[in-house]
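All values derive from a computational prediction rather than experimental measurement. In what follows, chains carry the letters A, B, and so on, assigned in the order in which the sequence lines appear, proteins first and then strands, with residues in each chain numbered from 1.
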Amino acid sequence: MTDAPATLVATGSDVWADRPVRTRFAPSPTGSLHIGGLRTALFNWLYARNHGGQFILRIEDTDQKRFDPTALQTLVEAMRWAGVTWDEGPEVGGEYGPYVQSERLEMYQSWGKWLVENDYAYTCYCSSERLEQVNKEKQARKEAPGYDRRCRFVTEDERQKLAAECAAEGRKPVIRFKFPLEGTTVLNDLVRGEVSFENKIQQDSVILKSDGFPTYHLAVVIDDHFMQISHVMRAVEWLPSAPLHVHLWQAFGWEMPHYAHLPVMLNPNGKGKMSKRNPPKDKFGNVIPVMVHDYIRSGYLPEALDNFLINIGWSYGEDREVFSLEEAIERFTDFSRINPANSAFPPEKLDWLNGVYIREKLSVEELARRLRPVLENEGYEVNVDTLLKVTPLVQTRIKTLNEVISIAGFFFREEFIPAKPEELIQKKMDTTTTKQALERSRQVLEGVADFTTQALHDATQPLTAELGLNNSQLFGLLRVAVTGQTVSTPTFETMEILGKDKTLKRLDLAASLL
RNA sequence: GCCCCAUUCGUCUAGAGGCCUAGGACGUGGCCCUCUCAAGGCCAAAACACGGGUUCGAAUCCCGUAUGGGGCACCA
């Protein structure tokens, strides 16, 4: 350790070339899954699947202060919804478990102890008050903040004295890593190439907390080692702490995996990363959701969200934006198509893509199957026959499943909510002409024997000439009368599905309201 | 403040020294279609951050500057 080379160039070990690809996604369970997390998971998953390797889900729950007992279930649900299947992890097991860090505490503690015994780490007895004090003083001297390494250079006698003080105050010490004081650490990143760091400005980070839990740094290296992870793909926010991880690998003498630091997703305006606490807004001021569950609730399709996310920071090539997960797997052979630059989250592109999937990738039956729970959640009684007839009508008109409510919800409502009288009156018309058109149309429609779109259209068309109206006026009027809304499914198709009885009643009602 | 990373149309991106008069997509605008709204078709505007090198030749390589982002916790 003391005679570490001045420059340590760390590249993932060659042994991985002969071993199966094993990637992992290691979120901390603090609620639903962050949309950026899903993308990271997707990239790892794609790479493992491309190479016929394994994808592992590991839960990093070492922060007791943020413990949320329901979070794991929510997280698992989001992953499953997105179709990101794991070969090892919670609920599926695996031979390298447990896959929840809080169940691996003994391991971290014994390796932490090993590091201390082998002089790679030391016990630090400093109180948080002292740490604060040190930082304050450093700040006053305009020095970089950070721990002053007092406990690292203390003599054995002093150490024992500090230990006693610490115990007397009822505090528990922490373990800090002895970061090399000089030299350079170079990480060979798979998407960025060589990234180098000056050792002297690094910190002696805490690796084992006073509550006996490890910090991310210790846990991640131990787990990645024992879970035989070959490639670590994680967000760039981890790059600055990568040198610590490099030295941890080095200290343990383990084969380091390959690292690929992924770009982060920024707010749509490019300012700051997407966060739950400061939710981004679109140009109209609407909040753009950050958690996967928000997208589930808003009526996005998993295949569309996946496709969308994969397109940010990675490209399929061949000028293609729409592709299946299978096609993405086939193309995700290496890291060369990953763009190192951060990117702004493009919400309108997601809406477009979701629309593409709804109208081009889903059969009517499949779309109807997905629309049903949306309608039912809204309290509607869904008649399957009606739904199957309505679905093709909404298919080209909705971008999210939820939009079916506003455009075609009236099909599934028992009571009819008529439009306001002024909405019935079309351009260049008035109450009298509108009422007249309504009554005349009713007369004609009553005589239509088979109530089909074509027959209805044919029967109504001559009325435009008779009443001196254009298509837009007459048909628009009928739409509002029959659906109660100005934007809806096409008029004659709607009448056909509603049937003669309801259609005529609604025309009567409309006329009576004028 | 210090460290690290990045920089192609408004946005997501293609681009690995000549294929670039810089391609695709979203969005935007226009036209067509049209019973509303969509969908669809056609067209248009729109970018290599800046300055120096290297080279016969640079969006592509190097160096600075600027800008943006990330990180500097007993959070991950």
Side-chain angles (χ1 to χ4, degrees), chain A residues 26-28 30 60-63 65-66 124 126 128 131 135 139 142-147 172-176 187 189 191-192 195-198 201-203 205-211 213-217 219-220 234-243 261 263-264 266 268-273 283 308 311-322 336-337 339-353 355 359-360 393-399 403 407 426 457 460-461 464 470-480 483 485-492:
Chain A
S28 55
T30 54
E60 311 220 325
D61 59 344
T62 57
D63 184 5
K65 291 192 277 304
R66 291 204 288 176
C124 172
C126 297
S128 44
L131 260 32
N135 266 330
Q139 228 166 37
K142 298 221 160 128
E143 284 173 26
Y147 179 53
K172 293 261 198 298
V174 301
I175 306 289
R176 287 180 184 273
L187 174 73
D189 187 90
V191 328
R192 286 150 216 280
V195 182
S196 56
F197 304 85
E198 286 301 319
I201 58 167
Q202 300 294 321
Q203 302 283 316
S205 305
V206 171
I207 53 176
L208 209 50
K209 303 183 246 184
S210 55
D211 62 4
F213 278 66
T215 60
Y216 170 82
H217 313 292
V220 79
R234 45 143 65 154
V236 253
E237 43 249 58
W238 292 112
L239 231 203
S241 57
H261 288 92
V264 292
L266 272 20
N269 62 8
K271 304 280 179 212
K273 54 176 184 175
K283 55 192 168 191
F308 166 77
N311 263 328
I312 301 177
W314 185 80
S315 75
Y316 184 88
E318 290 177 10
D319 290 341
R320 271 188 69 187
E321 338 266 321
V322 184
S336 62
R337 309 199 73 88
N339 183 349
N342 294 164
S343 42
F345 182 88
E348 38 334 300
K349 209 150 182 169
L350 171 59
D351 286 343
W352 164 75
L353 235 200
R359 79 183 91 93
E360 293 174 20
L393 268 31
V394 300
Q395 193 156 23
T396 59
R397 283 165 237 270
I398 58 175
K399 286 202 161 62
E403 290 173 55
I407 197 168
Q426 303 295 298
H457 184 271
T460 325
Q461 187 63 70
T464 54
N470 59 33
N471 285 359
S472 184
Q473 289 171 308
L474 210 222
F475 299 161
L477 163 59
L478 294 177
R479 161 196 320 288
V480 178
T483 67
Q485 33 194 75
T486 52
V487 174
S488 74
T489 46
T491 306
F492 299 113

Item checked: A/His457: partners by ring-ring contact (aromatic ring centres under 6.0 Å, His included), with sequence neighbours left out -> A/Phe475, A/Phe492
Check: Partner of B/rU21 by Watson-Crick or G-U wobble geometry, both contacts under 3.5 Å, or none?
Finding: none
Notebook entry, point to check: Can you list the residues that meet the side chain to side chain donor-acceptor pair (under 3.5 Å) rule with A/Glu360, with sequence neighbours excluded?
Noted result: none
Check: Should B/rG1 form a Watson-Crick or G-U wobble pair with both distances under 3.5 Å, which nucleotide is its partner?
Finding: B/rC72
Item checked: Rounded distance in Å between the C1' positions of B/rG18 and B/rA58 -> 10 Å
Note to self: So, using side chain to side chain donor-acceptor pair (under 3.5 Å) as the criterion, who are the partners of A/Arg66 when residues are at least two apart?
What the structure shows: A/Asp63
Item checked: Span that lies between the C1' atom of B/rA14 and that of B/rU34, in whole angstrom -> 36 Å
Item checked: For A/Gln203, side chain to side chain donor-acceptor pair (under 3.5 Å) partners two or more places apart -> none
Check: If we call it a pair only when both distances are under 3.5 Å in a Watson-Crick or G-U wobble match, what pairs with B/rG57?
Finding: none
Pairs under 3.5 angstrom, nitrogen or oxygen only, protein versus nucleotides 72-76 of chain B, please.
from, atom 1, to, atom 2, distance (Å)
B/rC74, O2, A/Ser210, N, 2.9
B/rC74, O2, A/Ser210, OG, 2.7
B/rC74, N3, A/Ser210, OG, 3.0
B/rC75, OP1, A/Lys65, NZ, 3.3
B/rC75, OP2, A/Lys209, NZ, 2.8
B/rC75, O2', A/Asp63, OD2, 3.1
B/rC75, O2', A/Arg66, NH2, 2.8
B/rA76, OP1, A/Thr62, OG1, 2.7
B/rA76, OP1, A/Lys209, NZ, 2.7
B/rA76, OP2, A/Tyr216, N, 3.2
B/rA76, O4', A/Arg66, NH2, 3.4
B/rA76, O3', A/Glu60, OE1, 2.9
B/rA76, O2', A/Ser28, OG, 3.2

Next item on the list: Please state the P separation for the pair B/rG70 and B/rC31 - nearest whole angstrom.
Entry: 42 Å
Note to self: Only pairs with both distances under 3.5 Å count, Watson-Crick or wobble alike; so what is the partner of B/rU28 in this structure?
What the structure shows: B/rA44
Next item on the list: Could you work out the separation of B/rC19 and B/rU60 based on their P atoms and round it to a whole Å?
Entry: 13 Å
Item checked: Partners meeting ring-ring contact (aromatic ring centres under 6.0 Å, His included) with A/Tyr216 (sequence neighbours left out) -> A/Trp238, A/His245
Checklist line | Euclidean distance, atom CD of residue A/Glu198 to atom P of B/rC5 [Å, nearest integer] | finding: 12 Å
Within the sub-3.5 Å range, which N or O atoms of nucleotides 44-48 of chain B have a protein N or O partner, and how far apart are they?
none

Next item on the list: Hey, could you give me the CH2/OG distance between A/Trp314 and A/Ser343, rounded to the nearest 0.5 Å?
Entry: 14.5 Å
Notebook entry, point to check: Between A/His261 (NE2) and B/rC5 (C1'), how many Å, whole number?
Noted result: 11 Å
Next item on the list: Return yes if some donor-acceptor pair links the side-chain N/O of A/Gln485 with the main-chain N/O of A/Ile407 below 3.5 Å, else return no.
Entry: yes
Checklist line | Pairing partner (Watson-Crick or G-U wobble, both distances under 3.5 angstrom) of B/rC33 | finding: none
Next item on the list: Kindly compute the distance separating CZ (A/Phe197) from CG (A/Leu239), expressed to the nearest 0.5 Å.
Entry: 5.0 Å
Checklist line | Rounded distance (Å) that lies between atom C1' of B/rG1 and atom CD of A/Glu143 | finding: 12 Å
Margin query: Need one value for A/Gly317: base, sugar-phosphate or nothing, where a base atom within 4.0 Å counts as base even if backbone is also close, heavy atoms only.
Written below: nothing
Next item on the list: Output all residues satisfying salt bridge (Lys or Arg N to Asp or Glu O under 4.0 Å) with A/Lys399, sequence neighbours left out; order by chain, then residue number.
Entry: none
Item checked: Protein proximity profile, nucleotides 32-42 of chain B - base contact B, sugar-phosphate-only contact S, no contact -, cut-off 4.0 Å on heavy atoms -> ---BBBBSS--
Notebook entry, point to check: Distance between the P atoms of B/rA6 and B/rC61, in whole angstroms?
Noted result: 11 Å
Margin query: Can you tell me the base-pairing partner of B/rA16? Count Watson-Crick or G-U wobble geometry only, both distances below 3.5 Å, and say none if there is no partner.
Written below: none
Note to self: Holding to salt bridge (Lys or Arg N to Asp or Glu O under 4.0 Å), I want the full list of residues that pass it with A/Arg320, two or more places apart in sequence or in another chain.
What the structure shows: A/Glu327
Next item on the list: Please lay out, stage by stage, how A/Glu237 and A/Val264 fare under the test side chain to side chain contact (heavy atoms under 4.5 Å, CB included).
Entry: CA-CA 8 Å; A/Glu237 43 249 58; A/Val264 292; 2.5 Å; yes
Checklist line | Complement of B/rG64, any strand, by Watson-Crick or G-U distances under 3.5 angstrom | finding: B/rC50
Next item on the list: Give the rounded distance in Å between these two atoms: CD of A/Gln139 and C1' of B/rG1.
Entry: 9 Å
Distances for protein N or O near nucleotides 8-13 of chain B N or O, under 3.5 Å:
from, atom 1, to, atom 2, distance (Å)
B/rC12, OP1, A/Ala344, N, 2.6
B/rC12, O2', A/Asn311, O, 3.2
B/rC12, O2, A/Lys349, NZ, 2.9
B/rU13, OP1, A/Gly313, N, 2.4
B/rU13, OP1, A/Ser343, OG, 3.3

Notebook entry, point to check: Rounding to a whole Å, what distance do you find between A/Asn269:CG and B/rG27:C1'?
Noted result: 16 Å
Next item on the list: Could you check whether A/Ser196 gets within reach of a base, just the sugar-phosphate, or nothing at all, counting any heavy atom under 4.0 Å?
Entry: sugar-phosphate
Margin query: Can you tell me how far apart CD1 (A/Ile175) and OG (A/Ser205) are? Round to the nearest 0.5 Å.
Written below: 13.5 Å
Next item on the list: Verify side chain to side chain contact (heavy atoms under 4.5 Å, CB included) between A/His261 and A/Val195, making sure each step is shown before the conclusion.
Entry: CA-CA 11 Å; A/His261 288 92; A/Val195 182; over 6 Å; no
Check: Now, which nucleotide makes the Watson-Crick or G-U wobble pair with B/rC9, with each of the two distances under 3.5 Å?
Finding: none
Margin query: Could you tell me how far B/rG23 sits from B/rC62 if I compare only their C1' atoms? Round to whole Å.
Written below: 27 Å
Item checked: Spacing of A/Ile398 atom CD1 and A/Arg359 atom CZ [to the nearest 0.5 Å] -> 10.0 Å
Item checked: Residues forming a side chain to side chain donor-acceptor pair (under 3.5 Å) with A/Lys209, sequence neighbours excluded -> none
